[in-house]
Chemist: 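I have a structure here, written as structure tokens, and I will follow up with some questions on it.
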Amino acid sequence: MNDITSLTLTQTISALKDKQFSEEELNNAYLEKIDALNPKLNIFLEVKKNTRGIPAAIKDVIITKNIKTTASSKILSNFIPQYNATVIGKLLENGVSVIGKTNHDEFAMGGSGENSAFGVTKNPWDFSKVPGGSSSGSAAAVCADLCTFALGSDTGGSIRQPSSFCGIVGLKPTYGRVSRYGLIAMASSLDQIGPMTKSVEDTALVLDWISGADGYDSNVSSEKFKVQSSKLNEGIKGLKIGVPKEYFGEGLDPKVEKVIKEALKKLEELGGEVAEISLPHSQYALAAYYIIVPSEVSSNMARYDGIRYGKGRENIGAEVKRRIMLGTYSLSSGYWDDYYAKAAKVRTLVKRDFEKAFEKVDVVVGPVSPTTAWNLGEKVNDPLKMYLSDIYTISANLAGIPGLSIPCGFSEGLPVGLQILGKQWDEETILTVGYAFEQATQWHMEKPKL
Ligand code: GLN
């Protein structure tokens, strides 16, 4: 048999059923690997020994009962929650255990993992590169086979972009598909928790587990996502695939573009009907996002006032402070209608672009990120440059629609992700497209040599 840790979640479940190994052997195999690799990669902030169940890695911005939860911030460095986030409860009910808490950008603000107060996570494909962010540790953990699957959170791309940089599958569900109860808030109108996995099938299964009604989050739909393997197997013959021309302009690395174009060709070979579309307000999305997010951040961060969590603001990092200040400014009286209210209007225009597009096409496909993983340190002192790398992912959050990132090739030895966006509540179709692509290609099987 293959190495236990290289198995996907669905493979692990059937191997456990067939008694090919025990849960103890499964956990020990992962723990051994974590012991060997974590010192080099800095993926886990906390590791749980002696657990039983299917081992999952959880972004440390998701609350875990009796397990330290830091949001990768010094201000929460000794915070031990007394309850579980709803998603954790749902995972436990399905035989999953938390093997560890993963590193990420402080309070999920960033795109490279470098804003963590506890040091940067390395990209398993090349230790001199960033793993992407903000769910840096969760992506690297799945990529390096240090867990069966992971959870991340995505406010503007934080599941999809690190998934793309590490060559794994990641899904940002429809806003309201998954409970946010117990997710430490960044920007509440955009945040969603989602799966980060070794295959599309695994992502569908984890979404099935974590979605559904929650009395603690009034935004959550009572409709549970259900995996229909018959639907996943249906293929994409005749499916209409829109490719936004705005996602292929200036700033897109030509080497990444080449890989994406080849992936589009593959989708055509599989029977998809690929056609160019336009999302005309895309060019304003980034500016709107970087007003709306800091505004919500400034409100959400007010609870860390030095009283409730014991520690003061000297324990907050530069990027978080920058957003608090920006947001406080754009919400202040006399300015809010020029900034926040305008950005909210632009958000509606971005949402309408998608609604119009989805009258004609079933999914929208393009790159996840304009580049592959960049060098550690390359953008960390230039926030605007860092923000620009979110250009293709933020629109899905502004519109509330689901987005999937799947491995679709390599550029100079680094993974490239294909982004598949769908209608609100239609995770099924984007997963079907991802599954068809995965069945027809080998990219998701590639692993870094560690
Ligand atoms: N990189 C984006 C930001 O810094 C996205 C963050 C996220 O999705 N949590 O806001």
Side-chain angles (χ1 to χ4, degrees), residues 58-62 71-73 102-116 120-121 130-139 150-166 170-173 175 178 180 183-196 285-298 300-301 317-327 330 343 347 368-371 373-374 378-405 417 419 421:
I58 307 295
K59 186 177 184 179
D60 209 23
V61 78
I62 299 172
S72 294
S73 179
T102 56
N103 202 0
H104 56 88
D105 288 292
E106 186 174 16
F107 285 99
M109 299 175 204
S112 67
E114 293 164 294
N115 294 336
S116 168
V120 67
T121 296
V130 300
S134 66
S135 308
S136 47
S138 286
L151 290 186
S153 69
D154 190 311
T155 303
S158 282
I159 288 176
R160 290 160 287 157
Q161 185 252 31
S163 293
S164 164
F165 283 13
C166 290
L171 173 76
K172 182 204 89 76
Y175 183 79
V178 177
R180 287 181 294 109
L183 169 65
I184 295 176
M186 175 180 164
S188 313
S189 76
L190 303 156
D191 301 339
Q192 271 292 286
I193 295 171
M196 300 174 80
L286 196 78
Y289 175 90
Y290 277 101
I291 294 291
I292 292 169
V293 164
S295 301
E296 294 190 23
V297 162
S298 77
N300 277 324
M301 292 300 295
E319 179 62 26
V320 178
K321 278 189 187 154
R322 182 178 297 124
R323 295 193 192 204
I324 294 172
M325 288 191 283
L326 263 171
S330 53
R347 179 181 192 168
V368 172
S369 168
T371 66
W374 54 83
E378 193 178 321
K379 300 189 182 178
V380 77
N381 296 317
D382 190 342
L384 267 184
K385 227 183 194 173
M386 185 83 83
Y387 298 169
L388 274 171
S389 69
D390 302 329
I391 190 104
Y392 306 134
T393 47
I394 48 169
S395 294
N397 303 75
L398 291 173
I401 60 173
L404 180 70
S405 171
Q419 181 167 226
L421 302 170

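The figures here come from the full heavy-atom set of this structure, side chains too, leaving out hydrogens, waters and symmetry mates. For ligands, and for the atoms within them, numbers begin at 1 and follow the listed sequence.
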Chemist: For the side chain of S164 and the backbone of G417, is there at least one donor-acceptor N/O pair under 3.5 Å apart?
Modeler: yes

Chemist: I'd like to know if the side chain of D154 and the backbone of I193 have a donor-acceptor N/O pair within less than 3.5 Å.
Modeler: no

Chemist: What residues, two or more places apart in sequence or in another chain, satisfy ring-ring contact (aromatic ring centres under 6.0 Å, His included) together with Y175?
Modeler: none

Chemist: For each nitrogen or oxygen atom of ligand 1, which protein N/O atoms lie closer than 3.5 Å, and how far apart are they, rounded to 0.1 Å?
Modeler:
| residue | atom | partner | partner atom | Å |
| --- | --- | --- | --- | --- |
| ligand 1 | 1 (N) | G110 | O | 2.9 |
| ligand 1 | 1 (N) | D390 | OD1 | 3.2 |
| ligand 1 | 1 (N) | D390 | OD2 | 3.0 |
| ligand 1 | 4 (O) | G110 | N | 3.0 |
| ligand 1 | 4 (O) | Y290 | OH | 3.3 |
| ligand 1 | 4 (O) | R323 | NH1 | 3.4 |
| ligand 1 | 4 (O) | R323 | NH2 | 2.7 |
| ligand 1 | 8 (O) | T155 | N | 2.7 |
| ligand 1 | 8 (O) | G156 | N | 2.6 |
| ligand 1 | 8 (O) | G157 | N | 3.3 |
| ligand 1 | 8 (O) | S158 | N | 3.0 |
| ligand 1 | 8 (O) | S158 | OG | 2.6 |
| ligand 1 | 9 (N) | A108 | O | 2.8 |
| ligand 1 | 9 (N) | S158 | OG | 2.7 |
| ligand 1 | 10 (O) | Y289 | OH | 2.7 |
| ligand 1 | 10 (O) | Y290 | OH | 3.4 |
| ligand 1 | 10 (O) | R323 | NH1 | 2.9 |

Chemist: Between I401, L404, N397, which is the residue that forms a side-chain contact (heavy atoms from CB on, under 4.5 Å) with K172?
Modeler: N397

Chemist: Looking at S73, S134, S116, which one forms a side chain to side chain donor-acceptor pair (under 3.5 Å) with E106?
Modeler: S73

Chemist: Evaluate side chain to side chain contact (heavy atoms under 4.5 Å, CB included) for H104 paired with S138, printing each intermediate quantity in order.
Modeler: CA-CA 8 Å; H104 56 88; S138 286; over 6 Å; no

